[in-house]
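Here is the structure we will look at.
Below, read A as the first sequence line, B as the second, and so on, with proteins coming before strands; counting in each chain starts at 1. Given the structure is predicted, the values throughout are model-derived calculations rather than measurements.
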Amino acid sequence: MKKTLVILLGPTGIGKTDLGIDIALHFKTEIISCDSRQFYREMSIGTASPSKEQLEKVKHHLVNHISVNDYYSASRFEDDFMEMAKKLFAHHNILLMVGGSGLYIDAACGRIDKIPDVDPSVRKKYLDKFQNEGLESIRADLKLLDPDYYKIVDLKNPKRIIRALEICETTGKPYSFFLQKKGKARSFNIIKVGLTMDRQELYRRIDERVDKMIEEGLEEEARKLLEYRNCNALNTVGYKEMFRYFDGEISREKAIELIKRNSRRYAKRQLTWWARDEQIKWFHPREKEEIISYIDNVIRNDEVTKGQRNQEF
RNA sequence: GGUGCCAUAGCUCAGUUGGUAGAGCACAGGACUGAAAAUCCUGGUGUCCCUGGUUCAAUUCCAGGUGGCACCA
């Protein structure tokens, strides 16, 4: 039997964790998490990480496996995921991935190209240049080093420009040279199940969940992590707003309001990311039975899985 | 009950010397291949409280009404 990776994805706060557990129990399998903030073991209330009880119900992988001090990336996640999948597929025909990080899900699906690692000092160099000399300066560098990418990149987005520059400098080749866009073949089938609901309903859930996080002690958790505020891991909704409150810049109420707003905006960006992915079959989270029978049907029907095998961009 | 002030976008408010209006926030849409809960782009969504009057033309001026706030009784 061909191995199958079922991916349960959806915006923040929609109820992936609970439903994922039910689905994993139904298929008698384990969960590989794909949440770029639940990776960090020090963050749990603000990232709505699975609780102890939830972790006991179904074995979860790639949660709490790194520290806020660690460098991590979509590429590293791809490596960790492939290693984990290989191990788990030895005992399971179906694996369940649950998460909301679009780029990381794409990485697991073989949708990002192999690009050489860069030395952090190179990124730092261009970051400094951007901060000291401005956007125009690094734009000019990119125009020189990778004119093709210069034509298509968002020229107002420093992160995109710096990323391309660091690859150009490290490899001596233009960044666009590495963007093959062919996708990597995977030895397993992939079924993508998306969770969605009416925007108002989702926003209400998000607002309620933030209130719950506050009750559970988000403020305390953030206070403990204040010393790591410069780590990328702490550039996260729920923490960055609390840090501003600790600084005296905004009130506690304002911080909570901003956490809600930024969570809503994040959910919207997630939905935009997935909107163009036609492989996703969408459900309301309450449609558990429909989701399970959809997965069953796809696995049974080879014709459908053929389409899912080719991971084109 | 009397006097004064106010009524414009979901909210807070600006404005139009009379030619149907614009800021912030909220919100909506989008981009995004190793920082991605990150980063970036675009967009004003409107019975200008109601009725009448003046006027070629009223959201704007006038009168009345309604609602809110303040003060006086």
Side-chain angles (χ1 to χ4, degrees), chain A residues 10-14 16 34-40 43 45-49 66 68 70-81 99-120 122-124 126-127 130 135 139 149 152-164 166-167 170-171 175-184 199-200 202-203 206-207 209-210 213 218 222 230-242 250 254 257-277 311 313:
Chain A
T12 189
I14 203 164
K16 295 185 292 294
C34 185
D35 185 302
S36 72
R37 290 303 187 264
Q38 291 179 7
F39 298 151
Y40 299 100
M43 298 156 74
I45 297 171
T47 57
S49 285
I66 54 174
V68 291
D70 296 330
Y71 174 77
Y72 207 65
S73 69
S75 172
R76 291 207 180 172
F77 175 76
E78 183 181 358
D79 293 343
D80 288 345
F81 162 75
S101 301
L103 179 65
Y104 285 64
I105 291 172
D106 284 355
C109 294
R111 286 178 165 199
I112 63 171
D113 289 298
K114 185 73 195 163
I115 298 173
D117 285 335
V118 296
D119 193 305
V122 180
R123 177 174 297 177
K124 176 100 175 43
Y126 283 108
L127 192 61
F130 165 60
L135 191 59
R139 266 188 200 168
Y149 191 62
I152 57 166
V153 73
D154 177 358
L155 285 169
K156 290 181 179 167
N157 191 333
K159 277 200 179 186
R160 294 279 125 67
I161 296 172
I162 292 170
R163 170 66 184 154
E166 67 192 23
I167 296 301
T170 302
T171 65
Y175 176 60
S176 50
F177 168 82
F178 296 97
L179 303 180
Q180 302 289 318
K181 303 203 170 198
K182 287 204 188 91
K184 301 168 191 159
R199 191 67 62 81
Q200 278 199 335
L202 178 63
Y203 284 3
I206 287 171
D207 290 351
R209 192 168 75 158
V210 171
M213 284 176 181
L218 176 60
N230 292 321
C231 296
N232 177 58
L234 273 306
N235 186 191
T236 297
V237 175
Y239 300 88
K240 56 183 176 182
E241 297 85 358
M242 276 294 164
I250 54 175
K254 183 71 181 173
E257 190 188 313
L258 286 175
I259 292 170
K260 290 175 179 174
R261 186 198 69 182
N262 290 338
S263 298
R264 293 192 293 263
R265 289 179 173 176
Y266 170 50
K268 162 59 185 143
R269 291 198 305 279
Q270 289 175 297
L271 291 167
T272 298
W273 178 275
W274 291 311
R276 60 187 162 169
D277 189 339
Q311 297 290 316
F313 278 76

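For A/Tyr71, a side-chain nitrogen or oxygen approaches OP1 or OP2 of B/rA35 to under 4.0 Å. The phosphate of B/rG34 (OP1 or OP2) has a side-chain N or O of A/Tyr175 nearer than 4.0 angstrom. Contact between the side-chain N/O atoms of A/Asn235 and the OP1/OP2 oxygens of B/rA36 is not found at any separation under 4.0 Å. Between B/rU33 and A/Arg163, no contact under 4.0 Å exists linking OP1 or OP2 to a side-chain N or O.
Across the P atoms, B/rA7 and B/rC48 are found 15 Å apart, a figure rounded to whole Å. The separation of B/rG15 from B/rG22, taken at their P atoms, amounts to 15 Å, rounded to a whole angstrom. Annotation: B/rG46 and B/rA23 have their C1' atoms spaced 15 Å apart (nearest Å). Comparing B/rU66 with B/rG52, their C1' atoms sit 15 Å apart, to the nearest whole Å. Comparing the P positions of B/rU42 and B/rG4 gives a spacing of 49 Å, expressed to the nearest Å. Taking atom C1' on both B/rG44 and B/rC13, the two are 15 Å apart, rounded to the nearest angstrom. Spacing of P atoms, B/rA57 relative to B/rU20, comes out at 15 Å, to the nearest Å. One P atom belongs to B/rA21, the other to B/rA9, and the distance between them is 14 Å to the nearest Å.
A salt bridge does not link A/Lys124 to A/Asp119: none of the charged nitrogens lies less than 4.0 Å from a carboxylate oxygen. A/Asp277 has a carboxylate O that lies under 4.0 Å from a charged side-chain N of A/Arg111, or vice versa, which qualifies the two as a salt bridge. Salt-bridge annotation for A/Glu257 and A/Lys254: present, with a side-chain N of the basic residue lying under 4.0 Å from a carboxylate O of the acidic one.
Side-chain proximity of A/Asp117 to B/rG34, B/rU33, B/rU39: nearest is B/rG34. Listed candidates were B/rA36, B/rA35, B/rG34. Nearest to the side chain of A/Tyr104 is B/rA36. Distance from the side chain of A/Lys268 is smallest for B/rG30 among the nucleotides B/rG30, B/rA35, B/rU39. Which of B/rC27, B/rG34, B/rA35 sits closest to the side chain of A/Arg265 comes down to B/rC27. The A/Arg123 side chain lies nearest to B/rA35 when the options are B/rA35, B/rU39, B/rG34. Each of B/rU33, B/rA36, B/rA35 was ranked by its minimum atom distance to the side chain of A/Arg276; first place goes to B/rU33. In the set B/rC27, B/rU33, B/rC41, B/rC27 carries the atom at the smallest distance from any side-chain atom of A/Tyr203. Checking B/rA28, B/rC40, B/rC32 against the side-chain heavy atoms of A/Arg160 singles out B/rC32 as nearest. Picking from B/rU42, B/rA36, B/rG30 the nucleotide with the shortest atom distance to the side chain of A/Lys156 gives B/rU42. For A/Thr272, taking side-chain heavy atoms from C-beta onward, the closest of the listed nucleotides B/rA35, B/rA28, B/rC32 is B/rC32.
Scanning both residues, A/Thr236 and A/Glu241, for their nearest heavy atoms gives O-OE1, 4.1 Å. Closest of all the heavy-atom pairs between A/Phe178 and A/Asp113 is O-CB, 3.2 Å. The nearest pair of heavy atoms linking A/Gln38 to A/Thr47 is NE2-O, 3.0 Å. In plain terms, the two heavy atoms of A/Ala74 and A/Ala107 that are nearest each other are O-CB, 3.6 Å.
Residue A/Asp106 places no side-chain atom within donor-acceptor reach of the base of B/rU33, judged by atom type and a 3.5 Å distance cut-off alone.
Map A/Gly100 and A/Lys114 each onto its nearest nucleotide of RNA chain B; the residue landing nearer the 5' end is A/Lys114. Between A/Arg264 and A/Thr236, the one whose closest nucleotide on RNA chain B sits nearer the 5' end is A/Arg264.
In RNA chain B, stems built from 3 or more consecutive Watson-Crick or G-U wobble pairs, each with both distances under 3.5 Å, span B:1-7 with B:66-72, B:10-13 with B:22-25, B:27-31 with B:39-43, B:49-53 with B:61-65.
Across all strands, A/Gly238 comes closer than 4.0 Å to no nucleic acid atom at all (heavy-atom distances). Heavy atoms of A/Thr47 sit under 4.0 angstrom from at least one base atom. Within the 4.0 angstrom heavy-atom criterion, base atoms lie near A/Asp35. Counting non-hydrogen atoms under 4.0 angstrom, A/Phe77 reaches nothing in the nucleic acid.
Syn is the classification of B/rG34, since its glycosidic angle stays within 90° of 0.
If you take CG of A/Leu271 and P of B/rG29, they are 9 Å apart, rounded to a whole angstrom. In this structure, the CG atom of A/Asn157 is 18 Å from the P atom of B/rG30, given to the nearest Å. Distance, A/Glu166 CD to B/rA35 P: 6 Å, rounded to whole Å. Rounding to whole angstrom units, CH2 of residue A/Trp273 and P of B/rG29 are separated by 18 Å. Whole-Å rounding puts the A/Arg111 CZ to B/rC32 C1' distance at 14 Å. Computed from coordinates, the A/Ile162 CD1 to B/rG34 P distance equals 13 Å when rounded to whole Å. For the pair A/Leu127 CG and B/rG34 C1', the interatomic distance rounds to 16 Å; values are reported in whole Å. In this structure, the CD1 atom of A/Ile161 is 14 Å from the P atom of B/rU33, given to the nearest Å.
Residues passing the side chain to side chain donor-acceptor pair (under 3.5 Å) test with A/Thr12 are A/Arg209, sequence neighbours excluded. With sequence neighbours excluded, the residues satisfying ring-ring contact (aromatic ring centres under 6.0 Å, His included) with A/Tyr149 are A/Tyr175.
Not one N or O on the side chain of A/Lys260 forms a donor-acceptor pair closer than 3.5 Å with the backbone of A/Ile206.
Ring pair A/Phe39/A/Tyr104 is tilted by interplanar angle, where 30° to 60° counts as tilted.
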